[in-house]
Amino acid sequence: MSNKILSVRGLSRIHGEQCPLCISSTGPEHDTNICPHCGSVVAAHDVNFDLYRGEILGIIGESGSGKSSTVKMLYFDEEPTAGSATFYDGGVQHDMFALNAAQQRSMRNKRFGMVYQNPHLGLNFQISAGGNIAERLLMSDLRHYEEIRTRAGDLLARTEVSRARMDKNPKTFSGGMQQRVQIAKALATQPPLLFLDEVTTGLDLSVQAAILDLILEIQHELGTAMIVVTHDLGVIRLLAGRTLVMKHGRVIGSGLTDQILEDPQHAYTQRLVASAL
Amino acid sequence: MNAHYELPLEDAGYSFGFLDEYAKKEVRRCILKAIAIPGYQTPYASREMPMGRGFGTGGLQLTLSLIGADDTLKVIDQGSDDSVNAVNLRQFVQLTCPGVAVTEKTQEATLIQSRHRIPEKMLTEQQILVLQVPYPDALVVVEPSEARRKVMHGEADYSRLLVKLYEDVVRFDEITISHRYPTRLNGHYVIDPSPIPRWDVPRLHQSPALVLLGAGREKKIYAVPPYTVAEPLVFDDIAFRVEDFRDANGQRIACRCCGSTVSFLDELIDDAGNVTHQCSDSSYCEEEQETISARKQA
Ligand SMILES: Nc1ncnc2c1ncn2[C@@H]1O[C@H](COP(=O)(O)OP(=O)(O)OP(=O)(O)O)[C@@H](O)[C@H]1O
Ligand SMILES: [Mg+2]
Ligand SMILES: [Zn+2]
Ligand SMILES: [Zn+2]
């Protein structure tokens, strides 16, 4: 039996009118993702990869290269303009973009988790930290108040947010603490697949290190597969076994993280490495 | 509205029920659709009525579209047939629907238009209850965009409403919603049951009478058809509770007029600060009093 959890083929996202020349006039060799003929933005084009159970795949690239676009499509935040993705779950293959809206919502709520760079996107600041986790449990049809409380408390404890903060508004939390609440929320339904988009960007180094440790621990404990988007090579080196390198909407390299980072063939990656030093 | 309003004589050709036949037929068509999809907010072309929206024009248009010369109408506002609003609406119907009988007795009515209450007396299959609704959408408290609310209703996605209940219990140890309690029909659509108290919510469940809800300003009609499953949104381990009318000693408070201990009570405070209780459904209260005095005489 294959251990594949996700298979992505030809995934593309173009913003704007589109013309027949969009693809041939954008990409790394043209040094732009904006079509000079119609002005459309080729945010991502022809992204292909497979992800296996418990694996962490990194996506790295400079700003605007299409990293977030890729995970947003897979999390159904954005609709692709072309391509397919197959999610393998419980012996069933799901053609993700062929599902109707309700099926997609259910998959997103129950089988996926997302942690955004900006906690405002992942958390509702009108309600308590526990309420944020409760929301995901309620979405997956748990209707027992005390059980919701216990589960939310356990999740917060696991992500090292004290239970005493459970009924507090996350608006008042530090950036690192907000990310922990987001991770707890993402994990609430024990999803087999997590998307992490720049989760440590902008945090203090010590806080970053602690969050990255937590992510690794979760992967070891729960065997959760993850796609980690970042432009921080340190994060990729620490977390990801395999990495995709993106530039101007295209995947320009992929392979084992160590090789990608060391391979002098990848001038672009080497520049990213150099700029990180 | 002006209770002394009279239609100008030259307009004496207006139709029975004020609205023209075409408008009434359109409303009835929307009613049929609303009955076919319990709890679905059916849009309709709300007409201008000679009174401000918010005075029950949504309910009134339902009533006028349904009423025939052989109907008997009862109008209640805040549980009472005598409040200004109820009197105005009743007079308007009498004025525009010649031949229609009016009553204050629940069991005599074929059609009941109400605001804030469902009559205490159990309604029958022969009756229709029309409720006036100010805000038809239970999701409005968690989602400002109507387009998104429509998708949420379509997918029966009420988790955000449940989160609100969760937060309520966390903060106050109980669900504090007193009126307009979100209620789920046949396991799908959640409705705003209009500003009735919690007391009345269980009485929507398996009601023999058809219940129609009309929002004039928001131009929506929805229905709880006879014998529909109507369940207040709650947690498995926190039961839905209706208003508690017990005194400090745990004794059920009785109505000061009829002595009933099974009705929904209004709290009255007099100038001296004394608190007394009285049935909110005035017609029920009067009948209870009549039954008691008849028993005394016998
Ligand atoms: N709604 C939109 N309309 C037009 N262009 C968009 C839209 N969303 C994203 N883009 C463009 O698509 C490209 C890819 O964006 P994306 O957010 O995927 O980049 P990224 O690799 O995540 O960058 P960063 O590291 O800055 O987060 C960018 O040029 C961006 O400006
Ligand atoms: Mg991004
Ligand atoms: Zn183009
Ligand atoms: Zn009474």
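Just so it is clear, the structure is predicted and the values come from calculations on it, not from any experiment.
Atoms CE and CG, on A:Met139 and B:Asp157 in that order, are 6.0 Å from each other to the nearest 0.5 Å. The distance from the CG atom of A:Leu138 to the CZ atom of B:Phe235 is 5.5 Å, given to the nearest 0.5 Å.
Heavy-atom contacts from other residues, nucleotides or ligands closer than 6.0 Å to NZ of B:Lys121 number more than 12. Residue B:Glu146 qualifies as open at atom CD: its count of foreign heavy atoms under 6.0 Å is 12 or below. By the 6.0 Å contact criterion, CD on A:Glu221 is enclosed, its count of non-hydrogen atoms from other residues, nucleotides or ligands being greater than 12. Heavy-atom neighbours of B:Arg28 CZ from other residues, nucleotides or ligands within 6.0 Å: above the threshold of 12. Around the CZ atom of A:Arg9, the shell of radius 6.0 Å holds more than 12 heavy atoms that belong to other residues, nucleotides or ligands. Within a 6.0 Å radius of CD in A:Glu17, no more than 12 heavy atoms belonging to other residues, nucleotides or ligands are found. Around the OH atom of B:Tyr135, the shell of radius 6.0 Å holds no more than 12 heavy atoms that belong to other residues, nucleotides or ligands.
Heavy atoms closer than 4.5 Å to chain B are found in the side chain of A:Ile148, but not in its backbone. Heavy atoms closer than 4.5 Å to chain A are found in both the backbone and the side chain of B:Leu162.
With a 4.5 Å cut-off on side-chain heavy atoms, A:Arg149 and B:Val170 count as touching. The closest side-chain heavy-atom distance from B:Val234 to A:Arg143 is not below 4.5 Å.
Under a 3.5 Å cut-off, the side chain of B:Asp237 and the backbone N or O of A:Tyr145 do form a donor-acceptor pair.
Residues of residues 103-137 of chain A lying under 4.5 angstrom from chain B, judged on non-hydrogen atoms, are A:Arg105, A:Ile127, A:Ser128, A:Gly130, A:Gly131, A:Ala134, A:Glu135 by number. Residues of residues 154-170 of chain A that come closer than 4.5 Å to chain B, counting heavy atoms only, are A:Met166, A:Asp167, ordered by residue number.
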